Protein chains: 2
Amino acid sequence: MNLKQLSEILGLSQTTVSRALNGYPEVAERTRLRVQHAAQKHNYQPNIGAQRLARGRSMTIGHVIPLSTQHEMVNPVFADFIAGAGERYSACGYDMKLTIVDDQNEEDIYRDLKSRGSVDGIIVHGPLMNDPRIPLLQELDLPFVVHGRASDIDTPYCWVDVNNASAFQRAGEFLLSLGHRRIGLINGLEHMDFAHRRRAGLVAALEAAGVTPNPDYLHAGEMTEINGHDAMKTMLALDTPPTAVVVASFIAALGVRRALDEAGLRMARDVSVITFDDDLSYLRNGDRIPIFTATRSSVRQAGRLSADLLISHIENPTAAPEHKLLEADLIIGNSTGPVPQE
Amino acid sequence: MNLKQLSEILGLSQTTVSRALNGYPEVAERTRLRVQHAAQKHNYQPNIGAQRLARGRSMTIGHVIPLSTQHEMVNPVFADFIAGAGERYSACGYDMKLTIVDDQNEEDIYRDLKSRGSVDGIIVHGPLMNDPRIPLLQELDLPFVVHGRASDIDTPYCWVDVNNASAFQRAGEFLLSLGHRRIGLINGLEHMDFAHRRRAGLVAALEAAGVTPNPDYLHAGEMTEINGHDAMKTMLALDTPPTAVVVASFIAALGVRRALDEAGLRMARDVSVITFDDDLSYLRNGDRIPIFTATRSSVRQAGRLSADLLISHIENPTAAPEHKLLEADLIIGNSTGPVPQE
DNA sequence: AAACAGATTCAAAGCGCTTTGAATGGCGCG
DNA sequence: CGCGCCATTCAAAGCGCTTTGAATCTGTTT
């Protein structure tokens, strides 16, 4: 069933039928109802390709997922982010197009997306400190929202980010308040902007309390269970291991716990652990009482907000770039306690 | 830059330019080279909407992700699956369209996808025992591949699945060979087809060895860390707890380990654990030596195969439905050992 | 009753591509 | 030299929708 057929059935012109369905005001209300009814009855849906062509808009948002050829890891946060974003896309009539790309030819992908008119806008995932995608997309004049920020880029652009610095600063302050001084960090890869900010936040807290960060306590790596485990194990092997660690992800924190178990240590009693918790649907941090004390911010919510921001920016391209900074909650769980007496 | 402009620059008709770029034979090789060169130089890319309309094909594969309103969980396996599938789509010139949908109106989504011509085919995720989507898609005549199978459906259709029954049977046999008789199962939700098959496989192994499965040892629930933990904890509280458990997911197995730790028990020595390992990129089961003994099958590879199957089915619609059954590897790790002496 | 404004409806022209069917040009051959 | 054939190229007709500008139909107004 296409528009022509439907309009013939109704004895109306395609113009009127199209307008009736798209809510234009110049069609009589009686006619509109008749048209809507017939469309429903005959299960008419406008062809998406034709609509795209006629409108010159794709009604599609692109997500480009870089799959680093080095570590081959899909960001585990990603699934929940798009669940949040997808919710908003559906509500606003947008499609979501996913592109998996190895980091070789990522730039070409964006150029393609633009020149083929595949998407009306893009979400940028996992920004680096000085991410080349941002100037590229600006140059291409393709609307975009960054999930995160790029510290080294000054020109304004749209972003949605959690306040990583303040989250890790608060985590540090909380541990300091429990008497900890030997505080470690098991961080993500620090060329990623979020990891950089997290480190800065924790270090700021330590320095404000007159504690000099010990380089042996600062680890950066991919946020897997195994890396969390290995990093903790390495620190525990030091002459004076940390009495507390801040961990950048829930998955890595599970590895940290395993290392502590293996060493016969108990979380909270022997070593305090605070993790960042993205509130992933498949990795809940406990039921009533959180397993880990955590700084929590829902990545799904970030997805929703990013989608809304992008859509409003697409539909109102002249507006100045907006951004949203989310504060993480500090949630007390069973993994922190006062510094052990020597 | 569009086709018309490009053809004017070249002093050729749109026909010839289009044919040159699409590899039709009736264009002189010299001309083709000239056209390709100019296209490159002017960064010409055919508009995707126009192409869709003219060809009557969308060159898009749909993935519909049901987001159960009850548990609000995104399947953690999903990210790796689409990473695998996306790889193949890119290679074959297909786009991937994602739709997040709450289970209310899932049927409407498929009808829409069909009648709007949004996609050329669909991947069905997370099939149930008697999944209504399969007859629906058959009726709609929309090509599809199921990731998994639906036990209660007899009509032929395309699927890619891991041999869940044999994987869990082998896990059971292995535990039996270590002398275990009190063997538990921490399974996924058993209206899901894969969970059903896994249970059947394990039970078959037990019964073949003359062991009657103890209902108290059989648990089914959502595969989260917390559920894994709680299920194990409950079993440990029994008068005669199991000496071994088979767990349906790596994440749940992490919870099982936590429950054992809390109870002061050691994996392998006190309780043996085998998990199913989807080989997720962000949840590797150890480096050299696996943390858990596991039946492993890469979900990313399943994604690749599903994509290939679907594409070949789209491009050759008359062919009979195909399917692929993958065997899981049994990988020995540090979580299993002989049954403890009482 | 004629004239006019406002409310509806319509025909037709795109949107940028593919594809059909026809036209052109170069070449070998009788 | 003229013909036919093959290799190229082209003009034009869609694909199914939106949207412009014109046409028609009401109901008022003078």
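Just so you know, these numbers come straight off a predicted model, no measurement behind them. Every chain is numbered from 1 and lettered A, B, ... according to where its sequence line falls, protein lines coming before strand lines.
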message: Return the OG to CG distance between S298(A) and D80(A), rounded to the nearest 0.5 Å.
response: 7.0 Å
Output field: ring centroids H313(A)/F144(A) closer than 6.0 Å: no
message: How many whole angstroms separate atom CE of M1(B) from atom P of dC17(C)?
response: 10 Å
- request: Name the closest nucleotide to the L53(B) side chain, picking from dC17(C), dC10(D), dG16(C).
  value: dG16(C)
- prompt: Rounded to the Å, how far apart are N2(A) CG and dC15(D) C1'?
  reply: 10 Å
field: Parallel, tilted or perpendicular, as decided by the 30° and 60° cut-offs, for the rings of H63(A) and Y89(A)
entry: perpendicular
query: Between atom NZ in K4(A) and atom P in dA13(C), what is the gap in whole Å?
result: 15 Å
message: Any side-chain N or O of Q51(B) below 4.0 angstrom from OP1/OP2 of dT18(C)?
response: yes
- request: Grab the CZ-P distance between R34(B) and dT8(D) for me, whole Å please.
  value: 14 Å
task: Quickly work out the N47(A) CG to dG14(D) P distance and round it to whole Å.
output: 18 Å
task: Could you state the atom-to-atom distance from OH of Y24(A) to P of dT8(C) in whole Å?
output: 17 Å
- line: Among the nucleotides dT19(C), dG16(D), dT9(C), whichever has the atom closest to the side chain of T31(A) is dT9(C)
- request: Look at T15(B) and dA12(D) and indicate whether a side-chain polar atom (N or O) is within less than 4.0 Å of OP1 or OP2.
  value: no
task: Please report the closest heavy-atom contact between L21(B) and A39(B), naming both atoms and the distance.
output: CD2-CB, 4.0 Å
- prompt: Is H37(B) atom NE2 crowded by more than 12 heavy atoms from other residues, nucleotides or ligands, each under 6.0 Å away?
  reply: no
task: Return the nearest nucleotide to the side chain of S13(B); candidates are dA11(C), dG16(C), dC10(D).
output: dC10(D)
query: Which residue, E29(B) or A50(B), contacts DNA chain D at a nucleotide closer to its 5' end, judged by nearest heavy atom?
result: E29(B)
- prompt: Does S18(B) have a side-chain nitrogen or oxygen under 4.0 Å from the phosphate oxygens OP1 or OP2 of dT18(C)?
  reply: yes
Option among F194(A), W159(A), F81(A) that satisfies the ring-ring contact (aromatic ring centres under 6.0 Å, His included) test with H147(A): F81(A)
Pick out the pairs of N or O atoms, protein on one side and nucleotides 23-28 of chain C on the other, that lie under 3.5 Å.
none

- request: Return no unless some side-chain N or O of N22(B) is found under 4.0 Å from OP1 or OP2 of dT18(C).
  value: yes
- line: Testing dT18(C), dG16(C), dT18(D) for proximity to the side chain of L3(B), the answer is dT18(C)
- prompt: Considering residues, nucleotides and ligands other than E322(B), do more than 12 of their heavy atoms fall under 6.0 Å from its CD?
  reply: no
message: Rounded to whole Å, how long is the line connecting atom CZ of R116(B) with atom P of dG16(D)?
response: 15 Å
- prompt: Under 4.0 Å between a side-chain N/O of Y44(B) and OP1 or OP2 of dG16(C), yes or no?
  reply: no
- prompt: Under 4.0 Å: is that the gap between some side-chain N or O of T16(B) and OP1 or OP2 of dT9(D)?
  reply: no
field: I61(B) to I123(B) - nearest heavy-atom pair and separation
entry: CG2-CG1, 4.2 Å
query: Nearest-Å distance, CG (L12(A)) to C1' (dA11(C))?
result: 14 Å
